[in-house]
There are 2 protein chains.
Amino acid sequence: MTTAEATSGTGDERGPLFSPVERETVQDRVYATLRRALICGLLEPGRILTIRGLADQLATSTMPVREALGRLISEKALEALPNRSVRVPPVTLERIDDLVHVRTLIEGEAIAMAATRMNEADVSRVRTILLEWDRFRNLADQDDFDNEMTLNQRFHFEIYRCSGSAVLLPMIESLWLQSGPCIREAAYAFSAAGEADTAHCHRIIVEALAARDPEAARAALAADISRPFKTLRTRLKAQKADKP
Amino acid sequence: MTTAEATSGTGDERGPLFSPVERETVQDRVYATLRRALICGLLEPGRILTIRGLADQLATSTMPVREALGRLISEKALEALPNRSVRVPPVTLERIDDLVHVRTLIEGEAIAMAATRMNEADVSRVRTILLEWDRFRNLADQDDFDNEMTLNQRFHFEIYRCSGSAVLLPMIESLWLQSGPCIREAAYAFSAAGEADTAHCHRIIVEALAARDPEAARAALAADISRPFKTLRTRLKAQKADKP
DNA sequence: ATTTTTGATCTGTGATCACACTTGCTTTGA
DNA sequence: TCAAAGCAAGTGTGATCACAGATCAAAAAT
(Lines give C-alpha, C1' and ligand atoms only; values in the text may rest on other atoms or scores of the structure.)
Protein backbone atom coordinates (compact mmCIF):
# COMPACT_ATOMS: atom_id res chain seq x y z
CA MET A 1 0.00 0.00 0.00
CA THR A 2 1.42 3.36 -1.03
CA THR A 3 1.49 6.51 1.04
CA ALA A 4 -1.16 8.10 -1.13
CA GLU A 5 -3.56 5.25 -0.56
CA ALA A 6 -2.81 5.24 3.16
CA THR A 7 -3.56 8.92 3.69
CA SER A 8 -6.72 9.03 1.61
CA GLY A 9 -9.14 6.17 1.23
CA THR A 10 -10.08 6.57 -2.43
CA GLY A 11 -7.41 9.10 -3.35
CA ASP A 12 -9.54 11.41 -5.47
CA GLU A 13 -10.01 14.45 -3.28
CA ARG A 14 -6.49 15.80 -3.01
CA GLY A 15 -5.55 16.63 -6.60
CA PRO A 16 -4.21 14.42 -9.36
CA LEU A 17 -1.57 12.24 -7.74
CA PHE A 18 -1.67 9.75 -10.60
CA SER A 19 -2.52 10.30 -14.23
CA PRO A 20 -4.89 7.72 -15.72
CA VAL A 21 -2.99 4.71 -17.01
CA GLU A 22 -3.04 4.50 -20.79
CA ARG A 23 -4.71 1.45 -22.26
CA GLU A 24 -3.39 0.63 -25.69
CA THR A 25 -4.88 -2.31 -27.52
CA VAL A 26 -2.95 -4.33 -30.08
CA GLN A 27 -5.29 -3.12 -32.77
CA ASP A 28 -4.42 0.48 -31.95
CA ARG A 29 -0.72 -0.25 -32.19
CA VAL A 30 -1.14 -1.97 -35.55
CA TYR A 31 -3.28 0.92 -36.78
CA ALA A 32 -0.74 3.50 -35.63
CA THR A 33 2.10 1.61 -37.30
CA LEU A 34 0.32 1.35 -40.64
CA ARG A 35 -0.85 4.94 -40.41
CA ARG A 36 2.65 6.19 -39.82
CA ALA A 37 4.01 4.09 -42.67
CA LEU A 38 1.32 5.46 -44.96
CA ILE A 39 1.84 9.13 -44.09
CA CYS A 40 5.61 8.88 -44.34
CA GLY A 41 5.25 7.17 -47.70
CA LEU A 42 6.93 3.91 -46.74
CA LEU A 43 4.34 2.00 -48.77
CA GLU A 44 4.51 2.52 -52.51
CA PRO A 45 1.22 3.11 -54.40
CA GLY A 46 -0.33 -0.01 -55.89
CA ARG A 47 1.26 -2.40 -53.40
CA ILE A 48 -1.02 -5.19 -52.23
CA LEU A 49 -1.22 -5.84 -48.50
CA THR A 50 -2.27 -9.17 -47.05
CA ILE A 51 -3.63 -9.66 -43.56
CA ARG A 52 -1.48 -12.66 -42.81
CA GLY A 53 1.64 -11.04 -44.19
CA LEU A 54 1.22 -7.98 -42.01
CA ALA A 55 0.33 -10.13 -39.01
CA ASP A 56 3.59 -12.03 -39.45
CA GLN A 57 5.66 -8.85 -39.83
CA LEU A 58 4.06 -7.23 -36.80
CA ALA A 59 4.20 -10.46 -34.77
CA THR A 60 0.50 -10.50 -33.93
CA SER A 61 -2.49 -12.54 -34.96
CA THR A 62 -4.66 -11.72 -37.94
CA MET A 63 -7.49 -10.23 -35.91
CA PRO A 64 -6.02 -6.86 -34.95
CA VAL A 65 -4.61 -6.46 -38.45
CA ARG A 66 -7.89 -7.00 -40.25
CA GLU A 67 -9.67 -4.49 -38.04
CA ALA A 68 -6.92 -1.94 -38.52
CA LEU A 69 -7.10 -2.48 -42.29
CA GLY A 70 -10.87 -2.05 -42.13
CA ARG A 71 -10.47 1.30 -40.41
CA LEU A 72 -7.89 2.49 -42.94
CA ILE A 73 -10.09 1.39 -45.83
CA SER A 74 -13.06 3.33 -44.50
CA GLU A 75 -10.80 6.39 -44.20
CA LYS A 76 -9.88 5.94 -47.87
CA ALA A 77 -6.25 5.47 -46.89
CA LEU A 78 -6.35 1.97 -48.40
CA GLU A 79 -8.45 0.48 -51.14
CA ALA A 80 -10.51 -2.73 -51.13
CA LEU A 81 -10.33 -4.59 -54.43
CA PRO A 82 -13.24 -6.74 -55.64
CA ASN A 83 -10.92 -9.74 -55.18
CA ARG A 84 -11.17 -8.99 -51.47
CA SER A 85 -7.52 -8.05 -51.39
CA VAL A 86 -6.44 -4.63 -50.19
CA ARG A 87 -3.85 -2.31 -51.71
CA VAL A 88 -2.55 1.21 -51.25
CA PRO A 89 -4.31 3.33 -53.89
CA PRO A 90 -2.33 3.96 -57.10
CA VAL A 91 -1.59 7.56 -58.04
CA THR A 92 -3.01 9.07 -61.21
CA LEU A 93 -2.95 12.58 -62.61
CA GLU A 94 -6.63 13.09 -61.82
CA ARG A 95 -6.16 11.91 -58.25
CA ILE A 96 -3.25 14.28 -57.69
CA ASP A 97 -5.18 17.31 -58.94
CA ASP A 98 -8.18 16.23 -56.90
CA LEU A 99 -6.14 15.89 -53.72
CA VAL A 100 -4.41 19.26 -54.16
CA HIS A 101 -7.70 20.98 -54.84
CA VAL A 102 -9.48 19.53 -51.80
CA ARG A 103 -6.49 19.97 -49.52
CA THR A 104 -6.12 23.66 -50.34
CA LEU A 105 -9.84 24.10 -49.80
CA ILE A 106 -10.04 22.34 -46.44
CA GLU A 107 -6.63 23.02 -44.93
CA GLY A 108 -6.88 26.58 -46.23
CA GLU A 109 -10.12 27.05 -44.32
CA ALA A 110 -8.58 25.51 -41.22
CA ILE A 111 -5.55 27.81 -41.25
CA ALA A 112 -7.75 30.85 -41.92
CA MET A 113 -9.84 29.98 -38.88
CA ALA A 114 -6.70 29.37 -36.86
CA ALA A 115 -5.24 32.73 -37.85
CA THR A 116 -8.12 34.58 -36.22
CA ARG A 117 -8.08 32.45 -33.07
CA MET A 118 -4.41 31.91 -32.22
CA ASN A 119 -2.94 33.72 -29.23
CA GLU A 120 0.72 34.49 -28.52
CA ALA A 121 1.33 31.12 -26.88
CA ASP A 122 -0.05 29.27 -29.89
CA VAL A 123 2.13 31.16 -32.35
CA SER A 124 5.23 30.71 -30.27
CA ARG A 125 4.57 26.98 -30.02
CA VAL A 126 4.51 26.77 -33.82
CA ARG A 127 7.69 28.84 -33.98
CA THR A 128 9.35 26.38 -31.62
CA ILE A 129 8.65 23.50 -33.98
CA LEU A 130 10.20 25.47 -36.83
CA LEU A 131 13.33 26.16 -34.77
CA GLU A 132 13.61 22.52 -33.78
CA TRP A 133 13.37 21.63 -37.43
CA ASP A 134 16.19 24.01 -38.41
CA ARG A 135 18.40 22.62 -35.66
CA PHE A 136 17.72 19.08 -36.77
CA ARG A 137 18.47 19.85 -40.40
CA ASN A 138 21.81 21.47 -39.58
CA LEU A 139 22.95 18.71 -37.26
CA ALA A 140 21.99 15.58 -39.19
CA ASP A 141 22.73 15.74 -42.88
CA GLN A 142 21.56 12.22 -43.63
CA ASP A 143 18.22 11.88 -45.34
CA ASP A 144 16.04 11.07 -42.36
CA PHE A 145 12.70 11.15 -44.10
CA ASP A 146 10.85 9.74 -41.15
CA ASN A 147 11.87 12.54 -38.81
CA GLU A 148 11.40 15.12 -41.55
CA MET A 149 7.83 14.01 -42.16
CA THR A 150 7.06 13.90 -38.46
CA LEU A 151 8.27 17.47 -37.95
CA ASN A 152 6.32 18.64 -40.97
CA GLN A 153 3.20 16.93 -39.65
CA ARG A 154 3.59 18.42 -36.19
CA PHE A 155 4.00 21.89 -37.68
CA HIS A 156 0.83 21.71 -39.74
CA PHE A 157 -1.39 19.99 -37.20
CA GLU A 158 -0.32 22.30 -34.41
CA ILE A 159 -1.81 25.06 -36.56
CA TYR A 160 -4.91 23.15 -37.62
CA ARG A 161 -5.63 22.25 -34.01
CA CYS A 162 -6.04 25.97 -33.33
CA SER A 163 -8.90 26.16 -35.84
CA GLY A 164 -11.09 24.76 -33.07
CA SER A 165 -13.04 22.61 -35.51
CA ALA A 166 -13.52 19.03 -34.35
CA VAL A 167 -15.02 18.19 -37.73
CA LEU A 168 -12.22 19.52 -39.93
CA LEU A 169 -9.34 17.82 -38.10
CA PRO A 170 -10.24 14.19 -38.88
CA MET A 171 -10.83 15.14 -42.50
CA ILE A 172 -7.38 16.68 -42.76
CA GLU A 173 -5.90 13.55 -41.22
CA SER A 174 -7.68 11.46 -43.82
CA LEU A 175 -6.34 13.73 -46.56
CA TRP A 176 -2.78 13.37 -45.30
CA LEU A 177 -3.25 9.63 -45.17
CA GLN A 178 -4.34 9.68 -48.80
CA SER A 179 -1.59 11.95 -50.05
CA GLY A 180 1.19 10.27 -48.08
CA PRO A 181 2.03 7.63 -50.69
CA CYS A 182 1.99 10.30 -53.43
CA ILE A 183 4.30 12.65 -51.57
CA ARG A 184 6.82 9.90 -51.11
CA GLU A 185 7.22 9.50 -54.85
CA ALA A 186 8.01 13.19 -55.12
CA ALA A 187 10.10 13.36 -51.96
CA TYR A 188 13.30 12.22 -53.62
CA ALA A 189 12.96 14.86 -56.31
CA PHE A 190 13.62 17.85 -54.09
CA SER A 191 15.61 16.43 -51.24
CA ALA A 192 18.10 19.31 -51.33
CA ALA A 193 16.35 22.29 -52.88
CA GLY A 194 12.91 21.25 -51.75
CA GLU A 195 13.71 21.41 -48.08
CA ALA A 196 14.88 25.00 -48.40
CA ASP A 197 11.66 25.84 -50.23
CA THR A 198 9.62 24.15 -47.54
CA ALA A 199 11.39 26.07 -44.79
CA HIS A 200 10.77 29.30 -46.69
CA CYS A 201 7.07 28.50 -47.12
CA HIS A 202 6.70 27.68 -43.46
CA ARG A 203 8.33 30.91 -42.38
CA ILE A 204 5.87 32.87 -44.50
CA ILE A 205 3.04 30.93 -42.95
CA VAL A 206 4.19 31.74 -39.44
CA GLU A 207 4.52 35.42 -40.31
CA ALA A 208 0.97 35.48 -41.64
CA LEU A 209 -0.27 33.77 -38.49
CA ALA A 210 1.62 36.19 -36.26
CA ALA A 211 0.03 39.07 -38.19
CA ARG A 212 -3.43 37.46 -37.73
CA ASP A 213 -3.94 37.62 -41.50
CA PRO A 214 -6.22 34.73 -42.55
CA GLU A 215 -5.99 35.24 -46.31
CA ALA A 216 -2.21 35.59 -46.33
CA ALA A 217 -1.96 32.39 -44.31
CA ARG A 218 -4.32 30.62 -46.69
CA ALA A 219 -2.31 31.70 -49.72
CA ALA A 220 1.01 30.71 -48.19
CA LEU A 221 -0.36 27.31 -47.22
CA ALA A 222 -1.72 26.78 -50.73
CA ALA A 223 1.76 27.30 -52.12
CA ASP A 224 3.22 24.91 -49.54
CA ILE A 225 0.72 22.19 -50.38
CA SER A 226 0.87 22.39 -54.14
CA ARG A 227 4.67 22.49 -54.44
CA PRO A 228 5.55 18.81 -53.91
CA PHE A 229 2.54 17.73 -55.95
CA LYS A 230 3.72 19.88 -58.85
CA THR A 231 7.03 18.03 -59.13
CA LEU A 232 5.19 14.73 -58.87
CA ARG A 233 2.83 15.86 -61.60
CA THR A 234 5.56 16.66 -64.10
CA ARG A 235 7.31 13.41 -63.29
CA LEU A 236 4.16 11.39 -63.84
CA LYS A 237 3.57 13.11 -67.17
CA ALA A 238 7.09 12.27 -68.26
CA GLN A 239 6.56 8.64 -67.23
CA LYS A 240 3.32 8.53 -69.17
CA ALA A 241 4.98 9.96 -72.27
CA ASP A 242 7.84 7.48 -71.85
CA LYS A 243 5.77 4.33 -71.98
CA PRO A 244 2.15 4.94 -73.00
CA MET B 1 -24.96 -25.83 -68.58
CA THR B 2 -26.74 -22.74 -69.86
CA THR B 3 -27.21 -21.68 -73.47
CA ALA B 4 -24.81 -18.81 -73.04
CA GLU B 5 -22.06 -21.08 -71.83
CA ALA B 6 -22.72 -23.56 -74.62
CA THR B 7 -22.43 -21.01 -77.42
CA SER B 8 -19.34 -19.28 -76.09
CA GLY B 9 -16.65 -21.00 -74.10
CA THR B 10 -15.76 -18.25 -71.66
CA GLY B 11 -18.54 -15.84 -72.53
CA ASP B 12 -16.53 -12.64 -72.43
CA GLU B 13 -16.22 -11.65 -76.10
CA ARG B 14 -19.83 -11.11 -77.06
CA GLY B 15 -20.94 -8.27 -74.82
CA PRO B 16 -22.22 -8.35 -71.25
CA LEU B 17 -24.59 -11.30 -71.16
CA PHE B 18 -24.41 -11.45 -67.37
CA SER B 19 -23.68 -8.71 -64.90
CA PRO B 20 -21.08 -9.67 -62.30
CA VAL B 21 -22.70 -11.42 -59.38
CA GLU B 22 -22.74 -9.22 -56.30
CA ARG B 23 -20.86 -10.56 -53.34
CA GLU B 24 -22.20 -9.03 -50.21
CA THR B 25 -20.58 -9.99 -46.93
CA VAL B 26 -22.45 -10.02 -43.66
CA GLN B 27 -20.24 -7.21 -42.44
CA ASP B 28 -21.29 -5.04 -45.38
CA ARG B 29 -24.93 -5.65 -44.64
CA VAL B 30 -24.48 -4.76 -40.99
CA TYR B 31 -22.56 -1.65 -41.95
CA ALA B 32 -25.22 -0.59 -44.45
CA THR B 33 -27.97 -1.12 -41.89
CA LEU B 34 -26.25 0.95 -39.22
CA ARG B 35 -25.31 3.60 -41.75
CA ARG B 36 -28.87 3.94 -42.93
CA ALA B 37 -30.15 4.12 -39.37
CA LEU B 38 -27.61 6.82 -38.58
CA ILE B 39 -28.32 9.00 -41.61
CA CYS B 40 -32.09 8.72 -41.19
CA GLY B 41 -31.69 9.64 -37.53
CA LEU B 42 -33.15 6.43 -36.09
CA LEU B 43 -30.49 6.48 -33.36
CA GLU B 44 -30.78 9.29 -30.86
CA PRO B 45 -27.58 11.16 -29.88
CA GLY B 46 -25.89 9.85 -26.75
CA ARG B 47 -27.26 6.33 -27.08
CA ILE B 48 -24.80 3.58 -26.20
CA LEU B 49 -24.46 0.69 -28.62
CA THR B 50 -23.21 -2.74 -27.59
CA ILE B 51 -21.73 -5.28 -29.95
CA ARG B 52 -23.67 -8.19 -28.55
CA GLY B 53 -26.93 -6.26 -28.46
CA LEU B 54 -26.64 -5.30 -32.12
CA ALA B 55 -25.55 -8.83 -33.05
CA ASP B 56 -28.69 -10.20 -31.40
CA GLN B 57 -30.96 -7.65 -33.13
CA LEU B 58 -29.39 -8.30 -36.53
CA ALA B 59 -29.28 -12.06 -36.00
CA THR B 60 -25.56 -12.41 -36.68
CA SER B 61 -22.47 -13.12 -34.65
CA THR B 62 -20.44 -10.41 -32.96
CA MET B 63 -17.65 -10.39 -35.52
CA PRO B 64 -19.33 -8.54 -38.40
CA VAL B 65 -20.83 -6.07 -35.92
CA ARG B 66 -17.56 -5.12 -34.28
CA GLU B 67 -15.88 -4.53 -37.64
CA ALA B 68 -18.80 -2.45 -38.85
CA LEU B 69 -18.68 -0.42 -35.63
CA GLY B 70 -14.93 0.05 -36.12
CA ARG B 71 -15.50 1.45 -39.59
CA LEU B 72 -18.21 3.83 -38.38
CA ILE B 73 -16.00 5.01 -35.52
CA SER B 74 -13.12 5.81 -37.86
CA GLU B 75 -15.56 7.78 -40.03
CA LYS B 76 -16.54 9.76 -36.92
CA ALA B 77 -20.11 8.54 -37.28
CA LEU B 78 -19.82 6.89 -33.87
CA GLU B 79 -17.70 7.66 -30.85
CA ALA B 80 -15.46 5.35 -28.82
CA LEU B 81 -15.59 6.08 -25.10
CA PRO B 82 -12.59 5.45 -22.82
CA ASN B 83 -14.73 2.73 -21.17
CA ARG B 84 -14.41 0.90 -24.49
CA SER B 85 -18.09 1.31 -25.09
CA VAL B 86 -19.37 3.04 -28.21
CA ARG B 87 -22.14 5.62 -28.51
CA VAL B 88 -23.64 7.91 -31.10
CA PRO B 89 -22.07 11.35 -30.54
CA PRO B 90 -24.16 13.79 -28.48
CA VAL B 91 -25.13 17.08 -30.10
CA THR B 92 -23.90 20.38 -28.72
CA LEU B 93 -24.22 23.95 -29.95
CA GLU B 94 -20.56 24.05 -30.97
CA ARG B 95 -20.89 20.81 -32.90
CA ILE B 96 -23.92 22.06 -34.80
CA ASP B 97 -22.20 25.28 -35.87
CA ASP B 98 -19.09 23.32 -36.77
CA LEU B 99 -21.04 20.87 -38.93
CA VAL B 100 -22.98 23.59 -40.74
CA HIS B 101 -19.81 25.53 -41.44
CA VAL B 102 -17.88 22.57 -42.83
CA ARG B 103 -20.84 21.22 -44.77
CA THR B 104 -21.46 24.52 -46.54
CA LEU B 105 -17.75 24.73 -47.32
CA ILE B 106 -17.38 21.23 -48.73
CA GLU B 107 -20.77 20.55 -50.24
CA GLY B 108 -20.78 24.10 -51.60
CA GLU B 109 -17.54 23.42 -53.42
CA ALA B 110 -18.90 20.13 -54.72
CA ILE B 111 -22.05 21.70 -56.13
CA ALA B 112 -20.07 24.57 -57.66
CA MET B 113 -17.85 22.05 -59.44
CA ALA B 114 -20.90 20.08 -60.51
CA ALA B 115 -22.60 23.18 -61.92
CA THR B 116 -19.78 23.67 -64.42
CA ARG B 117 -19.63 20.01 -65.40
CA MET B 118 -23.24 18.81 -65.62
CA ASN B 119 -24.75 18.14 -69.02
CA GLU B 120 -28.42 18.04 -70.00
CA ALA B 121 -28.79 14.38 -69.02
CA ASP B 122 -27.36 15.04 -65.56
CA VAL B 123 -29.71 17.96 -64.90
CA SER B 124 -32.74 16.05 -66.10
CA ARG B 125 -31.83 13.12 -63.87
CA VAL B 126 -31.86 15.45 -60.87
CA ARG B 127 -35.14 16.93 -62.02
CA THR B 128 -36.61 13.44 -62.16
CA ILE B 129 -35.79 12.84 -58.52
CA LEU B 130 -37.53 16.09 -57.61
CA LEU B 131 -40.64 15.08 -59.56
CA GLU B 132 -40.67 11.68 -57.92
CA TRP B 133 -40.46 13.40 -54.58
CA ASP B 134 -43.43 15.66 -55.34
CA ARG B 135 -45.50 12.68 -56.47
CA PHE B 136 -44.63 10.77 -53.33
CA ARG B 137 -45.50 13.66 -51.05
CA ASN B 138 -48.89 14.16 -52.69
CA LEU B 139 -49.83 10.50 -52.63
CA ALA B 140 -48.74 9.44 -49.15
CA ASP B 141 -49.57 11.93 -46.44
CA GLN B 142 -48.23 9.83 -43.59
CA ASP B 143 -44.90 10.91 -42.14
CA ASP B 144 -42.61 8.49 -43.90
CA PHE B 145 -39.31 9.89 -42.71
CA ASP B 146 -37.33 7.00 -44.07
CA ASN B 147 -38.44 7.53 -47.65
CA GLU B 148 -38.21 11.29 -47.25
CA MET B 149 -34.59 11.07 -46.14
CA THR B 150 -33.74 8.60 -48.89
CA LEU B 151 -35.13 10.89 -51.57
CA ASN B 152 -33.32 13.87 -50.10
CA GLN B 153 -30.09 11.90 -50.05
CA ARG B 154 -30.50 10.74 -53.63
CA PHE B 155 -31.14 14.31 -54.77
CA HIS B 156 -28.02 15.71 -53.16
CA PHE B 157 -25.64 12.89 -54.00
CA GLU B 158 -26.78 12.75 -57.62
CA ILE B 159 -25.52 16.32 -57.82
CA TYR B 160 -22.34 15.77 -55.83
CA ARG B 161 -21.48 12.77 -57.99
CA CYS B 162 -21.27 15.17 -60.94
CA SER B 163 -18.49 17.12 -59.23
CA GLY B 164 -16.15 14.40 -60.47
CA SER B 165 -14.14 14.49 -57.25
CA ALA B 166 -13.43 11.05 -55.80
CA VAL B 167 -11.94 12.73 -52.73
CA LEU B 168 -14.88 14.99 -51.88
CA LEU B 169 -17.60 12.34 -52.08
CA PRO B 170 -16.50 10.15 -49.14
CA MET B 171 -16.05 13.27 -47.04
CA ILE B 172 -19.58 14.40 -47.76
CA GLU B 173 -20.83 10.94 -46.86
CA SER B 174 -19.01 11.16 -43.56
CA LEU B 175 -20.54 14.59 -42.93
CA TRP B 176 -24.04 13.26 -43.57
CA LEU B 177 -23.33 10.39 -41.24
CA GLN B 178 -22.32 12.86 -38.55
CA SER B 179 -25.25 15.22 -39.01
CA GLY B 180 -27.86 12.48 -39.35
CA PRO B 181 -28.58 12.14 -35.62
CA CYS B 182 -28.76 15.95 -35.29
CA ILE B 183 -31.18 16.37 -38.19
CA ARG B 184 -33.52 13.84 -36.66
CA GLU B 185 -33.97 15.96 -33.57
CA ALA B 186 -35.00 18.86 -35.77
CA ALA B 187 -37.00 16.79 -38.24
CA TYR B 188 -40.19 16.83 -36.20
CA ALA B 189 -40.05 20.61 -35.89
CA PHE B 190 -40.80 21.37 -39.52
CA SER B 191 -42.72 18.35 -40.68
CA ALA B 192 -45.36 20.43 -42.44
CA ALA B 193 -43.84 23.82 -43.25
CA GLY B 194 -40.30 22.49 -43.51
CA GLU B 195 -41.03 20.16 -46.37
CA ALA B 196 -42.42 23.00 -48.44
CA ASP B 197 -39.31 25.04 -47.70
CA THR B 198 -37.11 22.11 -48.66
CA ALA B 199 -38.93 21.66 -51.95
CA HIS B 200 -38.54 25.37 -52.66
CA CYS B 201 -34.82 25.28 -51.86
CA HIS B 202 -34.31 22.29 -54.11
CA ARG B 203 -36.12 23.91 -57.00
CA ILE B 204 -33.84 26.95 -56.74
CA ILE B 205 -30.84 24.63 -56.70
CA VAL B 206 -31.97 22.87 -59.87
CA GLU B 207 -32.55 26.19 -61.59
CA ALA B 208 -29.04 27.33 -60.72
CA LEU B 209 -27.62 24.06 -62.01
CA ALA B 210 -29.59 24.30 -65.23
CA ALA B 211 -28.24 27.84 -65.69
CA ARG B 212 -24.69 26.55 -65.05
CA ASP B 213 -24.27 29.17 -62.33
CA PRO B 214 -21.83 27.82 -59.69
CA GLU B 215 -22.20 30.64 -57.18
CA ALA B 216 -25.98 30.68 -57.30
CA ALA B 217 -25.99 26.94 -56.73
CA ARG B 218 -23.58 27.29 -53.84
CA ALA B 219 -25.73 29.97 -52.20
CA ALA B 220 -28.95 28.00 -52.64
CA LEU B 221 -27.35 24.91 -51.18
CA ALA B 222 -26.03 26.87 -48.21
CA ALA B 223 -29.58 27.96 -47.41
CA ASP B 224 -30.83 24.39 -47.77
CA ILE B 225 -28.18 23.03 -45.42
CA SER B 226 -28.43 25.63 -42.69
CA ARG B 227 -32.23 25.67 -42.45
CA PRO B 228 -32.86 22.48 -40.42
CA PHE B 229 -29.85 23.19 -38.25
CA LYS B 230 -31.22 26.62 -37.42
CA THR B 231 -34.41 25.21 -35.93
CA LEU B 232 -32.37 22.66 -34.02
CA ARG B 233 -30.15 25.44 -32.72
CA THR B 234 -32.98 27.52 -31.32
CA ARG B 235 -34.53 24.43 -29.76
CA LEU B 236 -31.25 23.45 -28.09
CA LYS B 237 -30.84 26.97 -26.71
CA ALA B 238 -34.34 26.83 -25.27
CA GLN B 239 -33.57 23.45 -23.67
CA LYS B 240 -30.37 24.86 -22.21
CA ALA B 241 -32.21 27.85 -20.76
CA ASP B 242 -34.87 25.52 -19.40
CA LYS B 243 -32.62 23.37 -17.28
CA PRO B 244 -29.08 24.68 -17.04
C1' DA C 1 3.82 -25.80 -78.72
C1' DT C 2 -0.34 -23.95 -77.02
C1' DT C 3 -4.34 -24.30 -74.37
C1' DT C 4 -7.15 -26.28 -70.89
C1' DT C 5 -7.78 -28.56 -66.69
C1' DT C 6 -6.71 -29.87 -62.28
C1' DG C 7 -4.78 -29.57 -57.98
C1' DA C 8 -2.43 -27.39 -54.02
C1' DT C 9 -1.76 -23.30 -51.55
C1' DC C 10 -3.07 -18.93 -49.96
C1' DT C 11 -6.38 -15.45 -48.40
C1' DG C 12 -10.47 -13.35 -46.41
C1' DT C 13 -14.73 -14.28 -43.71
C1' DG C 14 -17.25 -15.52 -39.92
C1' DA C 15 -18.04 -18.51 -35.68
C1' DT C 16 -16.60 -19.83 -31.16
C1' DC C 17 -13.92 -19.53 -27.09
C1' DA C 18 -10.89 -17.76 -23.30
C1' DC C 19 -9.49 -13.83 -20.78
C1' DA C 20 -9.60 -9.19 -18.65
C1' DC C 21 -12.16 -5.47 -17.40
C1' DT C 22 -16.35 -2.89 -16.23
C1' DT C 23 -20.85 -2.42 -14.10
C1' DG C 24 -24.54 -3.07 -11.22
C1' DC C 25 -26.60 -5.42 -7.48
C1' DT C 26 -26.51 -7.91 -3.31
C1' DT C 27 -24.76 -8.71 1.04
C1' DT C 28 -22.42 -7.50 5.14
C1' DG C 29 -20.74 -4.52 8.49
C1' DA C 30 -20.84 -0.29 11.24
C1' DT D 1 -30.07 3.51 7.61
C1' DC D 2 -26.15 3.94 4.98
C1' DA D 3 -21.82 2.80 2.98
C1' DA D 4 -18.30 -0.33 1.58
C1' DA D 5 -16.89 -4.90 0.22
C1' DG D 6 -17.91 -8.79 -2.68
C1' DC D 7 -20.10 -11.31 -6.15
C1' DA D 8 -22.25 -12.01 -10.70
C1' DA D 9 -23.63 -10.77 -15.25
C1' DG D 10 -22.17 -8.41 -19.22
C1' DT D 11 -18.74 -6.51 -22.57
C1' DG D 12 -14.67 -5.80 -25.53
C1' DT D 13 -10.36 -7.99 -27.14
C1' DG D 14 -7.75 -11.27 -29.27
C1' DA D 15 -6.72 -16.24 -30.66
C1' DT D 16 -7.98 -20.30 -33.18
C1' DC D 17 -10.56 -22.92 -36.42
C1' DA D 18 -13.54 -24.20 -40.44
C1' DC D 19 -14.99 -22.87 -44.87
C1' DA D 20 -15.33 -20.63 -49.46
C1' DG D 21 -13.24 -18.26 -53.04
C1' DA D 22 -8.90 -16.78 -55.54
C1' DT D 23 -4.43 -17.64 -57.46
C1' DC D 24 -0.87 -19.87 -59.50
C1' DA D 25 1.75 -23.72 -61.23
C1' DA D 26 2.19 -28.18 -63.03
C1' DA D 27 0.26 -31.72 -65.81
C1' DA D 28 -2.60 -33.41 -69.45
C1' DA D 29 -5.02 -32.99 -73.76
C1' DT D 30 -5.40 -30.93 -78.21
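Applying the side chain to side chain donor-acceptor pair (under 3.5 Å) criterion to B:Asn152, with sequence neighbours excluded, gives B:His156. Considering only residues two or more places apart in sequence or on other chains, A:Ser74 meets the side chain to side chain donor-acceptor pair (under 3.5 Å) condition with B:Ser74. A search for salt bridge (Lys or Arg N to Asp or Glu O under 4.0 Å) contacts involving A:Glu158 returns A:Arg125, A:Arg161, not counting sequence neighbours. For B:Asn83, there are no side chain to side chain donor-acceptor pair (under 3.5 Å) partners at least two apart in sequence or on another chain. B:Asp224 meets the salt bridge (Lys or Arg N to Asp or Glu O under 4.0 Å) test with B:Arg227; sequence neighbours excluded. Among residues two or more places apart in sequence or in another chain, the ring-ring contact (aromatic ring centres under 6.0 Å, His included) test is passed with A:Tyr31 by none.
Bracketed by its first and final contacts, the part of DNA chain C lying under 4.0 Å from non-hydrogen atoms of chain A reaches from C:dT11 to C:dT22 in 5' to 3' order.
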Dump the pairs, protein N or O against N or O of nucleotides 11-13 of chain D, anything under 3.5 Å, distances to one decimal.
from	atom 1	to	atom 2	distance (Å)
D:dG12	OP1	B:Ile51	N	3.2
D:dG12	OP2	B:Ile51	N	3.2
D:dG12	N7	B:Arg52	NH1	2.8

Using a 3.5 Å cut-off and no angle test, enumerate the donor-acceptor pairs between side-chain atoms of residues 49-56 of chain B and protein atoms at least two apart in sequence or in another chain.
from	atom 1	to	atom 2	distance (Å)
B:Thr50	OG1	B:Gly53	N	3.1

